[in-house]
Amino acid sequence: VGYQSATASTATTIDGVETSIDQFRSGSGGLFRTSVGIAYPIFDGLAVGIQAEGYTGLIEHEQRLAFDNALLESVVYSQSNRFRGTALRFGIRGQFSEILSSRDALTYAGAVRLPTKLDVTSILAVGESLDRDTVGTALTGNTDLPLELIAGITYAARPCVLASVEYRLQ
C-alpha cells in the first residue's frame, strides 16, 4: 500500500465565517506472507500438497485537516494496523505427456487457501505520528482473509516453447 491524496473544500463556521479546509490523506505498509509446504506424488503425473502460511504486516493511514481560519486548529488522525496470523493451502498438480508430439506436456494445477482470520492491533491517535507510542489508543480485533482459489494450465510444445494460464479468485 502506498497512496497520497489531497482535497480542498470550504465550510461555514458557527459564527458564519467561511473557511477553507485542506485535507491530506496518506498510507503505507503491506501484508507479507511466509510459507513452507510439502508435496507427495500419488502416482506418476499426479501430486498433492499442503502449505502452511504465516502472515505479518503493518499498514498505516494518516489524515490531516488544515484550516485557513486562525480560530480553528489543524488536526492529524493516525491509524496503525499490525496484522498477524496463519493459514493453510492445499494443492494438486498433474501432468500429461506426449499429447500432440513426443516432446510436449500439459501441466495442470489447482490450490485452495482456506478462509482464516488475522489478529489485528490498531493504534489510533490524534496528533502527530510520534504520539502513537505514548498517547495512542490500542484496539484489538481480527480481520478476514477470504477463501482463495487458484487454477492454472501450462502447455509446453517443446522444451523452449511454453504457454501458461493462471486464474486467481480471492
Side-chain angles (χ1 to χ4, degrees), residues 1-7 23-64 76-126 129-133 136-170:
V1 176
Y3 67 90
Q4 290 184 350
S5 68
T7 58
Q23 198 173 104
F24 304 95
R25 292 185 179 97
S26 63
S28 63
L31 192 59
F32 304 97
R33 178 181 73 194
T34 302
S35 59
V36 62
I38 188 168
Y40 180 77
I42 296 177
F43 55 83
D44 191 31
L46 184 66
V48 295
I50 186 169
Q51 180 172 296
E53 301 175 340
Y55 290 86
T56 60
L58 178 68
I59 298 176
E60 297 182 310
H61 304 280
E62 185 174 276
Q63 179 177 349
R64 294 177 176 270
V76 178
Y77 297 98
S78 301
Q79 180 177 5
S80 176
N81 301 302
R82 187 169 304 280
F83 299 88
R84 184 178 28 240
T86 59
L88 284 177
R89 185 182 305 265
F90 299 95
I92 187 168
R93 185 192 69 74
Q95 182 172 344
F96 297 113
S97 299
E98 300 179 2
I99 297 172
L100 300 175
S101 74
S102 63
R103 296 180 354 159
D104 70 351
L106 177 73
T107 302
Y108 60 91
V112 60
R113 184 196 60 222
L114 300 177
T116 191
K117 292 192 180 297
L118 300 180
D119 295 328
V120 181
T121 302
S122 294
I123 298 175
L124 308 172
V126 177
S129 297
L130 297 175
D131 296 342
R132 284 187 199 147
D133 294 333
T137 302
L139 305 171
T140 58
N142 56 51
T143 188
D144 292 325
L145 200 57
L147 175 75
E148 181 183 43
L149 303 173
I150 303 170
I153 283 185
T154 301
Y155 176 73
R158 53 183 188 219
C160 62
V161 177
L162 176 73
S164 180
V165 176
E166 182 180 294
Y167 178 75
R168 287 181 181 248
L169 177 64
Q170 198 168 356

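Small disclaimer: the values here were computed from a predicted structure and weren't measured.
The distance from atom OG1 of Thr121 to atom CZ of Arg82, rounded to the nearest 0.5 Å, is 8.0 Å. Here the CD atom belonging to Gln23 is positioned 13.0 Å from the CZ atom belonging to Arg64, to the nearest 0.5 angstrom. To the nearest 0.5 Å, atom NE2 of residue His61 and atom OG of residue Ser28 are 9.0 Å apart. Between Glu148 atom CD and Leu114 atom CG the span is 11.0 Å, to the nearest 0.5 Å. Atom CG in Leu145 sits 10.0 Å away from atom CZ in Phe83 (nearest 0.5 Å). One finds the CD atom of Glu62 at 5.0 Å from the OG atom of Ser26 (value rounded to the nearest 0.5 Å).
More than 12 heavy atoms of other shown residues, nucleotides or ligands fall within 6.0 angstrom of atom CZ in Phe90. Annotation for Tyr3: atom OH counts as buried by contact number, over 12 foreign heavy atoms lying within 6.0 Å.
Taking each heavy atom of Leu100 and Asp104 in turn, the nearest pair found is N-OD2, 2.6 Å. What you find for Tyr108 and Gln95 is that their closest heavy atoms are CE2-N, 3.9 Å. The two residues Ser80 and Leu58 have their closest heavy-atom pair at OG-CD1, 3.3 Å.
Applying the salt bridge (Lys or Arg N to Asp or Glu O under 4.0 Å) test to Asp144 and every residue at least two apart in sequence or in another chain returns Lys117. Partners of Phe32 under the ring pair (Phe, Tyr, Trp, His ring centres under 6.0 Å) rule, at least two apart in sequence or in another chain, do not exist in this structure.
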Could you give me the CA-CA distance, side-chain angles and deciding distance for Leu31 and Leu118, then say whether side chain to side chain contact (heavy atoms under 4.5 Å, CB included) is met?
CA-CA 11 Å; Leu31 192 59; Leu118 300 180; 4.1 Å; yes
Test Ser78 against Glu60 for side chain to side chain contact (heavy atoms under 4.5 Å, CB included), laying out the working first.
CA-CA 8 Å; Ser78 301; Glu60 297 182 310; over 6 Å; no
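The backbone N or O of Thr86 sits less than 3.5 Å from a side-chain atom of Thr116, completing a donor-acceptor pair. Between the side chain of Arg113 and the backbone N or O of Pro146 there is at least one donor-acceptor pair closer than 3.5 Å.
In this structure, Ile92 and Leu46 have side chains that are in contact, with non-hydrogen atoms separated by less than 4.5 Å.
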